[in-house]
Amino acid sequence: MSNPLSPKARMQIPRQAMPEQEAAERSHNFEEVNLGLDDAIARQEALRCLQCTSQHCFNGCPVGVKVREFIDLVVEGDYLAAAAKIREDNVLPAITGRVCPQEEQCEGRCVLAKKGEPVAVGYLERFVADYERTHGQVGLPPRAAPTGRKVAIIGSGPAGLSAAGDLVQKGHEVVVMEALHEIGGVLVYGIPQFRLPKEIVRQEVDNMRKMGVEFRTNVVVGKSVTVDELMNEEGYHAVFVATGAGLPIFLNIPGEHLCGVYSANEFLTRVNLMKAYREDHDQPVFDCRGKDVVVVGGGNTALDAVRTSLRIGARTASILYRRSAAEMPARAEEVKHAREEGVQMLMLTNPVEFIDDGKGWLDGVRCQKMELGEPDASGRRRPMPVAGSEFVVPASMAIIAVGNRGNPLVQATTPDLATNKKGYITADDDTLKTSKRGVFAGGDIVTGGATVILAMGAGRKAARAIHHFLETGEW
Amino acid sequence: MYKITEARFLAPQVKRFRITAPDIARRRKAGQFVILRVQEGGERIPLTIADSDPGEGTITLIVQGVGKTTRMLNQKEAGDAILDLVGPLGKPSDIEPYGTAVVIGGGLGTAIAYPTAKALKQAGNHVISIIGGRSREFVILEDEMRAISDEVFVTTDDGSYAEKGFVTDRLNALIEGGRKLDFVLAIGPIPMMRAVAEVTRPHGIHTVVSLNPIMVDGTGMCGGCRVLVGGESQFACVDGPEFDAHQVDFRTLSTRNAMYREREKASLDAFEDHECKMMKMAEAAEKGAGV
Ligand SMILES: Cc1cc2nc3c(=O)[nH]c(=O)nc-3n(C[C@H](O)[C@H](O)[C@H](O)COP(=O)(O)OP(=O)(O)OC[C@H]3O[C@@H](n4cnc5c(N)ncnc54)[C@H](O)[C@@H]3O)c2cc1C
Ligand code: FES
């Protein structure tokens, strides 16, 4: 342990703030909101860690990052070693440091959180990962001798990427197939630039390429090729399905087909993947400059959409959420940032109709007020409509961000792949084996929309099980 | 990159391309499409696969230059390449031995209808093709359609070629003449498809149209391509693109398709302006060089 301070002294250091772009300025650009810590702040923050033996932080991490150990290395000033320590369990630290819901995981469990504020584990993770990136010293792990075994990974989101990284290290031949023209899944088409710069994703992908992973874009498994063909004709010994939860749910209320009504997936894809906001890109998106925008939903996707609409010029941008702020599933930091940027939060508000301007364009959203009743299956109090409470929110663009179902393309062409009634693939909790021999599945396509880190965790688990299967042939 | 092996104009602004894409060529079935991106920064657009040659490993696309992307594509020549190409997407056409099948193509729609007409013929149907265009130069693929149809009728709106009138006039004439029609496929501009649906509806003739909503991914991920069919939302890229004509809400489709018209016009204008300048520069250069 290298921390020179007494526990008492450590507890007197306040949690260090993340330097940010000013809200008024950042709400008009796509630059990253959080600017990152510098050395001095990072060391100061790391000094707050009590290095407790209970290690609740470690237990709170879905992939088991050795938080205490990496923070100790930050105290020592050995940032590269700290990054390497994280990489033992998490191959995408620059990404998770930015997008993990730390308040529910490591930081939520931190002893300091009980009395005051937890150690800013996420900020520190980001700091060391960025340090490693900018110092060009990412230590690529060595690759085992070729095994002659071939694995196909379907989908290049965090689940697919982390499985690919692990499997290639074991000496297997790994091919990642992606439906879109860019690699990264939600990391490139969903999460916006101002929260996760795409250069970071690209760099991680490049690292994997250097490690020997082959990426094939423009391949829609189920259409371009089927799982059976991959295994029977193209010589793959195992397949990992990591296709995400990409089938948007709509509200099924009148007016959903009006011009100006989008799913969040479509809106974010147009802006993030296709860069509709840039003059030098051709894909269009609704021109909301000077107009009112509403977003339906309370998760990360809803917040990303609403903050994106401000950045492309919305006059007002509001969240409509049918429960109360306490139930919003979004990361706490995103909610805070959104409020600072001027996003209005209309809580306990449920849309019932998209109003037509008479020409087929959206003119407003009729809503009803809700109140919270008894807890429902999710354990959250069920929102109930308040009679006679209807009102209209003016809007020229509405974005629906109320979740996704599993994309059925792979399942539909692989009849022996069992799914549940929501259309997600059924896989064993520990081995991620599906009902079909040699086929594994993980990430959002198994769990439904979850988080980057859980998807990565699934990728790791799958890699372990796939490796075992390839070595032993045991199913 | 996907290489163009052949490129030829069939009509003003309508160009046929053969592109190397062996995996797509091998698998594609009539009625399916691809999504492509011409170059970095370009948009993703869907195009129906008009034909394929699995032996040669090529697919045929027929492109009408209506917006910036299709104009840009139409400037490509054999030897050039396209950045991204994905497919085959969408459900294949339902090909059955219906009996007498009428295939109606309006303008570019003929190119989209051609592969299905061919498949219908191969399935043993008596195929009647009705192909139309605004005027003579917009009637495309007549020879190809003749080669795979039992009967072919051609109409032009202005009478500059073949019969004067609309494809629906010819369809009406067939029905009124007592021909028993078992199946109609209509592909073309939305008003045309809608008109065909109204002609066949009272006669209860099973009628299918191929819809062309705006798409992004083509995999069901965005829902931008949703169309109203029988009052229900369907994603044309995965549930279609072919639907029962009598169930389709054409009005909503045509409003949604106009969603980016202004923006498209602006980028097309900018593109044409650029083309125009390039042309002038080229002319000036030629003059300067005394050519
Ligand atoms: C806008 C938005 C913001 C989010 N913010 C956060 C956040 O802040 N923190 C957090 O932890 N989580 C966040 N999430 C959730 C997180 O991104 C997902 O849980 C995670 O990306 C799931 O990873 P995955 O690998 O399972 O799937 P995905 O990332 O969805 O990747 C699946 C990939 O598979 C491809 N694919 C699908 N079908 C096929 C096919 N048939 N053939 C080939 N390829 C196919 C898709 O194109 C896609 O690229 C957010 C999600 C969204 C949409
Ligand atoms: S094009 Fe995105 S769902 Fe059909």
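Chain A is the first sequence line, chain B the second, and so forth, proteins listed ahead of strands; every chain is numbered from 1. Only heavy atoms go into these numbers, but all of them, side chains included; no hydrogens, no water, no symmetry mates.
If you tally non-hydrogen atom pairs under 4.5 Å between each of B/Arg27, B/Arg256, B/Arg26 and chain A, the highest count goes to B/Arg27. Counting heavy-atom pairs under 4.5 Å between each of B/Thr219, B/Asp249, B/Leu89 and chain A puts B/Thr219 at the top. With chain B as partner, the option from A/Lys359, A/Arg405, A/Glu229, A/Lys275 having the largest number of non-hydrogen pairs under 4.5 angstrom is A/Glu229. Of all the listed residues (A/Leu258, A/Val261, A/Ile400), the one sharing the greatest number of non-hydrogen pairs under 4.5 Å with chain B is A/Val261. For the set B/Gly218, B/Ser233, B/Ala258, the count of heavy-atom pairs under 4.5 angstrom toward chain A peaks at B/Ser233. The choice from B/Leu85, B/Thr69, B/Ile45 that makes the most heavy-atom pairs within less than 4.5 Å of chain A is B/Leu85. Options A/Leu273, A/Asn252, A/Asp287, A/Val225 differ in how many heavy-atom pairs under 4.5 Å they form with chain B, and the most are formed by A/Val225. The candidate with the highest count of non-hydrogen atom pairs below 4.5 Å against chain B, out of A/Pro408, A/Gly260, A/Pro248, A/Ala245, is A/Pro248. With chain B as partner, the option from A/Phe267, A/Phe286, A/Phe250 having the largest number of non-hydrogen pairs under 4.5 angstrom is A/Phe250. Most heavy-atom pairs under 4.5 Å with chain B: of the set A/Asn218, A/Val220, A/Val219, A/Leu268, this distinction falls to A/Asn218.
Considering A/Leu247, A/Thr269, A/Leu409, A/Asn404 in turn, A/Thr269 is the only one that fulfils the side-chain contact (heavy atoms from CB on, under 4.5 Å) rule with B/Met221.
For B/Thr252, the part lying under 4.5 angstrom from a heavy atom of chain A is the side chain only. When heavy atoms are compared at a cutoff of 4.5 Å, A/Asp280 approaches chain B solely by way of its backbone atoms N, CA, C and O. Neither the backbone nor the side chain of B/Glu40 comes within contact range of chain A; no heavy atom of the residue lies under 4.5 Å from a heavy atom of that chain. Using a 4.5 Å cut-off between heavy atoms, B/Ile35 does not touch chain A at all. For B/Leu228, the parts sitting under 4.5 Å from any heavy atom of chain A are the backbone and the side chain alike. Only the backbone of B/Val227 comes within contact range of chain A, with heavy atoms under 4.5 Å apart.
Of all non-hydrogen atoms in B/Pro88 and A/Ser224, the two that sit nearest each other are CD-CA, 4.3 Å. When every heavy atom of A/Gln283 is checked against every heavy atom of B/Arg44, the shortest pair comes out as OE1-N, 3.0 Å.
Using bins of under 30°, 30° to 60° and over 60° for the plane-to-plane angle, the ring pair A/Tyr262/B/Tyr260 lands in the tilted bin.
The closest donor-acceptor contact from the side chain of B/Arg226 to the backbone of A/His257 lies at 3.5 Å or more, if one exists at all.
The CZ atom of A/Arg270 sits 10.0 Å away from atom CG of B/Asp217, with the distance rounded to the nearest 0.5 Å. Expressed to the nearest 0.5 Å, how far CZ of B/Arg28 lies from NZ of A/Lys223 amounts to 14.0 Å. In this structure, the separation between CG on A/Asp282 and CZ on B/Arg37 is 10.0 Å, given to the nearest 0.5 Å.
More than 12 heavy atoms of other shown residues, nucleotides or ligands fall within 6.0 angstrom of atom NZ in A/Lys198. Around the CZ atom of B/Arg201, the shell of radius 6.0 Å holds more than 12 heavy atoms that belong to other residues, nucleotides or ligands.
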